[in-house]
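See below for the structure under consideration.
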Number of protein chains: 2
Amino acid sequence: MKTLKIPEATIIRLSVYSRFLAQAERRGIITISSGEIAGGVGVSSAQVRKDLAYFGEFGTRGVGYNVAELYHHIMKILGLTTEWSVVIVGAGKLGSALAMYGGFRDRGFRIRAIFDNDPAKIGEKLEDLEIQTTENLESVLAKSPAEIGVITVPADVAQEVSDKLVAAGIKAILNFAPQVLSVPEDIVFRNVDLSVNLEILTFNLGLPRR
Amino acid sequence: MKTLKIPEATIIRLSVYSRFLAQAERRGIITISSGEIAGGVGVSSAQVRKDLAYFGEFGTRGVGYNVAELYHHIMKILGLTTEWSVVIVGAGKLGSALAMYGGFRDRGFRIRAIFDNDPAKIGEKLEDLEIQTTENLESVLAKSPAEIGVITVPADVAQEVSDKLVAAGIKAILNFAPQVLSVPEDIVFRNVDLSVNLEILTFNLGLPRR
DNA sequence: GACTGTGAAGCCATTCACAGCT
DNA sequence: AGCTGTGAATGGCTTCACAGTC
């Protein structure tokens with residue numbers, strides 16, 4: 001079982017499994033089978049076992065998996081046993097919401113700073129986070145490095161912001177701007193396009209026979 | 001070219017192509033080749049042609065595609081030549097941000113109502129949208145139907161909200177709650193998990209050799 | 001000569017089915 | 001007997017390569 005080439009779909013499912021296992025643990029369940037996990041999250045049991053097999057052997061034949069143990073293994077695989085520092089660029093509606101979104105904090109992500117280039121917004125407080133000018137980006141990151149940068153600026157300045165984040169030494173970027181960005185090979189990069197999600201719905205609504 | 005079984009990845013790319021074509025049209029470009037589209041959005045030219053081939057023949061051999069025409073075809077395929085009515089349930093940070101997110105309006109999505117069950121929030125205004133109690137959900141949708149419901153409530157009430165939306169006659173649901181939901185077969189359904197996106201980054205940050 | 005449309009080949013992910021433990 | 005781990009079979013998406021058209 002080589003560590004090479006793990007499908008992204010597997011990673012997404014691992015994240016779902018981890019939440020299901022957390023729930024199960026809270027309910028006091030000690031042992032769980034691949035079939036029970038599968039039923040709980042809506043995939044096949046073979047899929048669950050294959051996904052886990054990429055990373056090792058975590059179960060006991062004839063018995064199943066220890067819930068707490070498997071949970072911890074998965075969190076470790078996902079890199080969630082340590083805290084991650086995140087900065088957000090773009091303090092519009094979306095950026096501000098993400099800055100205070102509890103779902104990130106719950107999984108160990110710490111929002112360290114939020115930047116914007118609108119002078120009217122500088123100094124504004126989002127809970128205990130103060131919106132700073134984008135000009136400070138490099139100096140702030142030099143003083144307190146962050147691994148992850150989130151881009152929530154309009155499409156036309158997204159590439160510029162991305163370049164700034166890279167120059168400031170960020171290691172990974174999550175881009176919410178509906179804009180194709182080019183980043184160096186060694187930067188971990190991912191696009192999230194909220195509109196696309198609605199568009200997949202409307203495409204399917206247009207399909208015949210449902 | 002049967003209409004059957006179009007890969008979801010194709011739909012996502014069509015959405016990206018459409019934005020690229022809109023940009024091209026604004027720049028006054030009349031004709032474009034699959035290779036130029038491919039270069040602009042970071043896929044192969046064969047991929048672009050295959051994606052389009054699912055839906056018909058839009059190009060001219062030896063020439064390429066007419067930008068305006070292809071753009072319109074794709075928007076039609078995606079179901080974006082009509083307006084869609086959207087309601088949001090959950091007026092927390094994320095729900096409020098989505099309610100006012102310009103990226104949706106730009107693509108023809110109209111947010112018609114936003115609901116919450118926190119009495120403190122009822123009556124609050126988000127621009128020209130007033131937060132309503134979730135109890136009104138069914139009556140509001142009865143009076144002015146909407147096709148799409150967006151769920152941005154905490155995980156533990158997401159299933160309940162989903163059931164309410166279904167009962168109120170919604171046709172499609174976009175779920176932002178980190179919770180596996182069960183919905184009837186005939187409802188178009190899609191999950192968006194913002195945390196998962198960060199977790200894919202941290203998984204990749206943990207990988208050796210980069 | 002340039003570029004589309006598409007069958008065939010290649011590649012990757014999922015499902016099947018069963019050997020191997022407990 | 002029950003359930004994991006996994007090679008083999010299947011199915012689906014992407015890439016290749018070229019015939020067809022302008």
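So that the names make sense, note that chain A is the first sequence line, chain B the second, and so on, each numbered from 1. As the structure is a computational prediction, the values presented were derived from the model and not from experiment.
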Would you list the atom pairs, donor with acceptor, under 3.5 Å between side chains in residues 165-178 of chain B and any protein atom, with sequence neighbours excluded?
unit_1 : atom_1 : unit_2 : atom_2 : d
B:N175 : OD1    : B:A177 : N      : 2.9
B:N175 : ND2    : B:A177 : O      : 3.0
B:N175 : ND2    : B:Q179 : O      : 3.3
B:N175 : ND2    : B:N191 : OD1    : 2.7

Spacing of A:Y65 atom OH relative to D:dG5 atom C1', expressed in whole Å: 8 Å
Would you call A:F203 and B:L14 a side-chain contact if the rule is heavy atoms closer than 4.5 Å? no
Whole-Å distance, A:I11 CD1 to C:dC12 C1', equals 15 Å
Grab the N/O contacts between the protein and nucleotides 19-22 of chain D below 3.5 Å, and write none if there aren't any.
unit_1 : atom_1 : unit_2 : atom_2 : d
D:dG20 : N3     : B:R61  : NH1    : 3.2
D:dC22 : O4'    : B:R61  : O      : 3.2

To the nearest Å, how far apart are A:N66 CG and D:dC3 P? 16 Å
Sort me out a list of protein N/O and nucleotides 13-17 of chain C N/O pairs below 3.5 Å, or just none if empty.
unit_1 : atom_1 : unit_2 : atom_2 : d
C:dT14 : OP1    : A:R13  : NH1    : 2.9
C:dT14 : OP2    : A:R13  : NH2    : 3.0
C:dT14 : O5'    : A:Q47  : OE1    : 3.3
C:dT15 : OP2    : A:S44  : OG     : 3.3
C:dT15 : OP2    : A:Q47  : OE1    : 3.3
C:dT15 : O4     : A:K50  : NZ     : 3.1
C:dA17 : N6     : A:R49  : NH2    : 3.4

Length of the line joining A:E57:CD and C:dA19:C1', which is rounded to integer Å: 13 Å
Could you pull out all donor-acceptor pairs under 3.5 Å where a side-chain atom in residues 62-75 of chain A meets a protein atom, sequence neighbours excluded?
unit_1 : atom_1 : unit_2 : atom_2 : d
A:N66  : OD1    : A:A68  : N      : 3.1
A:N66  : OD1    : A:E69  : N      : 2.9

The salt bridge (Lys or Arg N to Asp or Glu O under 4.0 Å) partners of A:E83 (sequence neighbours excluded) come to A:R110, A:R112
A:S18 side chain to A:R107 side chain, donor-acceptor N/O pair below 3.5 angstrom: yes
In a table with atom names and distances, give each donor-acceptor pair under 3.5 Å that connects a side chain of residues 40-49 of chain A to protein atoms at least two apart or in another chain.
unit_1 : atom_1 : unit_2 : atom_2 : d
A:S44  : OG     : A:Q47  : N      : 3.1
A:S45  : OG     : A:R49  : NH1    : 3.4
A:Q47  : NE2    : A:D51  : OD1    : 3.4
A:R49  : NH1    : A:S34  : OG     : 3.1

Separation of atom CG in A:L70 from atom P in D:dC3, rounded to whole Å: 16 Å
Rounded to whole Å, the CZ-P distance (A:F58 to C:dC21) equals 19 Å
Single hit among A:I88, A:V140, A:I131 for side-chain contact (heavy atoms from CB on, under 4.5 Å) with A:F115: A:V140
Compare all side-chain heavy atoms of B:R19 with those of A:V196 and state whether any distance is below 4.5 angstrom. yes
Given atom CD1 of B:I32 and atom P of C:dA2, what is their separation to the nearest angstrom? 18 Å
